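In each ligand, atom 1 is the first atom listed, and ligand 1 is the first ligand listed. Everything numeric in this text was worked out from a predicted model, so none of it was measured. Atom set for the values below is all heavy atoms of this structure, side chains included, hydrogens, waters and symmetry mates excluded.
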Amino acid sequence: MLDIKITKTETPLEKPEKGAALGFGKIFTDHMFIMEYNRTEGWHDARIVPFGRLSMHPAATVFHYGSEIFEGLKAYRRPDGGVQMFRPLENIRRMNNSAERIRLPQIDEDLGLKILETFVKVEEDWVPSEPGTSLYLRPFLFGNDESLGVHSINNAMFVLIASPVGSYYAEGINPVKIMIEADDVRAVRGGTGYAKCGGNYAASNRAGENAEKLGFSQVLWLDGVERKYIEEVGAMNVMFRFGDEIATPMLTGSILPGITRKSCIELLRSEGWTVNERLISIDELEEALKNGTLTEAWGCGTAAVVSPIGQLFYKGEGFTVGNGGIGEVTQKLYDTLTSIQWGKAEDPFGWTYKI
Ligand code: PLP
Ligand code: COI
């Protein structure tokens, strides 16, 4: 396996003060991991170096044809002072699936784990300890051929950076307002929706900006063919409670297979809930909002964890979900999941990875 060369910074940065509002992805740690790929050598030159700018050729593929994928996972400070990651192998596997889709080179799973673990060890002091905070890890991989032809990738670069974070939404765990987007679509079946590639987020920008202007936190996407079935939110998967059933959109190829989604499904089923991965139409949702059978809705994702949805807007009409507050299943799910992630509770599923 590749050796990782470590060059530590001689000018470490000040860490954020205890209790400072970290926000999301605004502060970066002292180092970054980089490795390069070409077709003859494969992945090589793996190194951890002081955090800094990347110097790139203006013709690099990623600037022109969007060949970029990324991941998002977190390292958490346990009550005993140690540090752990949450299901890191799932992120490596999803990154390889994304790479397969847009034809970027994949990374051996053991090497992926070694990179994450070595990097988190180097940046261990950056893992914050205040409630709700963590060190967000952002691996990304992009095509780096220095020519303008549209062709398969011969050169690529993998980079890992990290950012101490608090809550993703300014609202914290408080209910967010979401706008159901009736015009733009994010992804289509057969496209790249299931891959975590930058282009999906670029396609989301226009609707996201509109929603933000109107005072919404994010957009809830409908399917790209009929604009009829619920897909996911901008940076989270979505779940609904209809009476005794928990339902979440099935993975049709245009939705990101979230690791938090998977964990929520496994957790809820272990507690005896009926969880169905199925098609959920906007008509069904509207009906359930009107007649009160939709009692809870929440988004789930690494950055946002479990985020209650208090209000949904569709074509100019606003609906309150349940009583507009945090539903009981949402709160319990948040508590159970975060207790496992932060090492405050037993992990019967074997999801945590101690550093
Ligand atoms: N859907 C989208 C579009 C996302 O960006 C994310 C965030 O990563 C998710 C869903 C949730 O995925 P995960 O739980 O793996 O973070
Ligand atoms: C994550 O939850 O890790 C995400 O990637 C969301 C992000 C696009 C900010």
Side-chain ion pair, Arg138 and Glu71, N-O less than 4.0 Å: no
Residue shell around ligand 1, heavy atom under 4.0 angstrom: Arg94, Arg186, Lys196, Tyr201, Glu232, Val233, Gly234, Ala235, Met236, Asn237, Leu256, Gly258, Ile259, Thr260, Cys300, Gly301, Thr302
Residues forming a side chain to side chain contact (heavy atoms under 4.5 Å, CB included) with Thr338, sequence neighbours excluded: Val305, Tyr334, Gln341, Trp342
Short N-O contact, Arg47 and Asp45, less than 4.0 angstrom: yes
Which residue and heavy atom of the protein sit nearest atom 6 (C) of ligand 2, plus the separation: Ala235 CB, 3.6 Å
Ligand 2 N/O within reach of Gly301 N/O, cut-off under 3.5 Å: no
Side-chain donor/acceptor of Asn200 to backbone N/O of Thr192, under 3.5 Å: yes
Heavy-atom nearest neighbour in the protein, as seen from atom 2 (O) of ligand 2, with distance rounded to 0.1 Å: Ala303 N, 2.8 Å
Which of the ligand 2 atoms, numbered from 1, are nearer than 4.0 Å to a heavy atom of Phe70: 5 (O)
Atoms in ligand 2 flagged as close to Thr302, the criterion being non-hydrogen separation under 4.0 Å: 2 (O), 3 (O)
Arg261 and Glu232 ion-paired at < 4.0 Å: no
Element-labelled atoms of ligand 2 that are located less than 4.0 Å from some non-hydrogen atom of Tyr201: 8 (C)
Common cluster, Leu222/Leu289, ILVMFWY with side-chain heavy-atom separation under 4.5 Å: yes
Which residue and heavy atom of the protein sit nearest atom 1 (C) of ligand 2, plus the separation: Tyr136 OH, 3.4 Å
Ligand 2-proximal atoms of Arg138, by part, heavy-atom distance under 4.0 Å: side chain
Note: Arg241-Glu328 ion pair, threshold 4.0 Å (strictly below): yes
Polar proximity ligand 2 side, Lys196 side, N/O cut 3.5 Å exclusive: yes
Lys8 atom NZ, over 12 foreign heavy atoms within 6.0 Å: no
Cationic N near anionic O, under 4.0 Å, Arg278 to Glu245: yes
Cation-pi, Tyr136 ring and Lys74 (6.0 angstrom, 45 degrees): no
